[in-house]
Amino acid sequence: MAEKFVLATHNPGKLKEMSAILSRFGVEAVMPADLDIRAEAEETGETFAENALIKARAVCAAAGLPAIADDSGLCVDALNGGPGVHSARYGGGELDDRGRYLLLLNSLRGAPSRSAHFTCAVACVFPGGDVLTAEGRCDGAIAYAPMGTDGFGYDPVFFVPDKAKTFAQMTEEEKASISHRGKALKEFADKLETYLKK
Ligand code: IMP
């Protein structure tokens with residue numbers, strides 16, 4: 001039977017991405033709900049890495065299985081790195097994705113710089129206490145208006161100069177090849193491979 005790792009997320013898209021990586025090592029990814037686990041850890045960390053670790057530790061403790069979590073967000077230079085770890089709740093709980101990126105565009109009116117980057121941190125905690133971490137970053141700029149219809153979150157306003165496109169104008173594969181999450185998952189996969197060989 002395949003070894004199981006719990007993915008600390010309720011997002012089926014993340015499960016799909018992670019399952020593809022883990023299956024290479026004969027590992028099966030399951031979600032907390034599959035094990036009837038509720039481990040809603042409060043994301044009180046000041047960094048993406050801290051929050052990923054908090055979530056992975058909580059799920060590992062509840063499940064007694066290795067647990068993987070990620071945390072990501074958008075850091076805008078003109079907003080002193082904000083919304084950062086608060087990206088999902090930027091502008092308060094009532095806004096949807098579109099409301100959040102429109103608020104961002106408004107906040108940057110007349111700003112001297114539109115530079116920004118996405119960061120994604122991944123943490124994997126094993127029941128014995130071992131921890132693997134990885135981080136990826138993608139640099140870009142906040143567009144002057146939304147462009148593209150694919151993706152989620154801030155994708156329509158995150159412009160990648162090298163590609164001359166926003167994330168929302170890229171295919172899933174194209175985005176994954178340069179994105180913060182794609183890079184973090186690649187680094188994580190390499191570290192996991194080394195760890196599992198030990
Ligand atoms: P979390 O890592 O699932 O907590 O995501 C944090 C928030 O950051 C999301 O709700 C999005 O608003 C934003 N975010 C993270 N990654 C991306 C991305 O690849 N595209 C657009 N928005 C993202």
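Just the heavy atoms: all of them, side chains too, but no hydrogens, waters or symmetry mates, feed the values below. When a ligand or atom number is given, it counts from 1 through the structure's own listing order. Keep in mind the model is a prediction, meaning the values are calculated, not measured.
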Checklist line | Within 6.0 Å of OH in Y144, more than 12 heavy atoms from elsewhere | finding: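 Atom OH in Y144 is not crowded, with 12 or fewer foreign heavy atoms closer than 6.0 Å.
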Distance to 0.1 Å, residue and atom name: give those for the protein heavy atom nearest to [atom].
{"atom": "atom 19 (O) of ligand 1", "result": "K175 NZ, 2.8 Å"}
{"atom": "atom 3 (O) of ligand 1", "result": "K14 NZ, 2.8 Å"}
{"atom": "atom 12 (O) of ligand 1", "result": "Y154 CE1, 3.2 Å"}
{"atom": "atom 4 (O) of ligand 1", "result": "D71 OD1, 3.7 Å"}
{"atom": "atom 10 (O) of ligand 1", "result": "A88 CB, 3.5 Å"}

Next item on the list: Output yes when E193 and R24 qualify as a salt bridge under the 4.0 Å nitrogen-oxygen rule, no when they do not.
Entry: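 No, E193 and R24 are not salt-bridged.
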Below 4.5 Å, heavy atoms only, C-beta onward: do [X] and [Y] meet side chain to side chain?
{"X": "V160", "Y": "F158", "answer": "yes"}
{"X": "V157", "Y": "L102", "answer": "no"}
{"X": "M31", "Y": "V6", "answer": "no"}

Next item on the list: Have a look at ligand 1 and work out which part of R100, if any, has a heavy atom under 4.0 Å from it: side chain, backbone, both or neither.
Entry: neither
Margin query: I need the contact type for F118 against ligand 1. Using non-hydrogen atoms and a strict under-4.0 Å cut-off, is it side chain, backbone, both or neither?
Written below: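 The answer is the side chain of F118.
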Any nitrogen or oxygen of [X] lying under 3.5 Å from a nitrogen or oxygen in ligand 1? Just yes or no.
{"X": "H180", "value": "yes"}
{"X": "D155", "value": "yes"}
{"X": "D70", "value": "no"}
{"X": "R181", "value": "yes"}
{"X": "K55", "value": "no"}

Checklist line | Nearest-option assignment for atom 2 (O) of ligand 1, heavy atoms, candidates G153, C120, S72 | finding: S72
Checklist line | Best match, F158, F152, F167: closest heavy atom to atom 17 (C) of ligand 1 | finding: F152
Note to self: With heavy-atom distances below 4.0 Å as the criterion, list the atoms of ligand 1 near S87.
What the structure shows: 7 (C), 8 (O)
Note to self: Give the atom numbers and elements of ligand 1 that come within less than 4.0 Å of a heavy atom of G73.
What the structure shows: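 It comes down to these atoms of ligand 1: 8 (O).
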Check: How far apart are the closest heavy atoms of P156 and G148, and which atoms are they?
Finding: CB-O, 4.1 Å
Margin query: Before you tell me yes or no, could you show the steps for R100 and D96 under salt bridge (charged side-chain N to carboxylate O under 4.0 Å, His left out), namely the whole-Å CA-CA distance, both residues' side-chain angles and the distance that decides it to 0.1 Å?
Written below: CA-CA 6 Å; R100 273 185 285 277; D96 57 7; over 6 Å; no
Notebook entry, point to check: Which of these passes side-chain hydrogen bond (donor to acceptor under 3.5 Å, both in side chains) with S72: E135, H180, R181?
Noted result: R181
Next item on the list: Quick one: sort the F167 and F118 rings into parallel, tilted or perpendicular, breaks at 30° and 60°.
Entry: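 Correct class here is parallel.
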Item checked: Test log, rule side-chain hydrogen bond (donor to acceptor under 3.5 Å, both in side chains), inputs Y154 and T166 -> CA-CA 10 Å; Y154 300 91; T166 65; over 6 Å; no
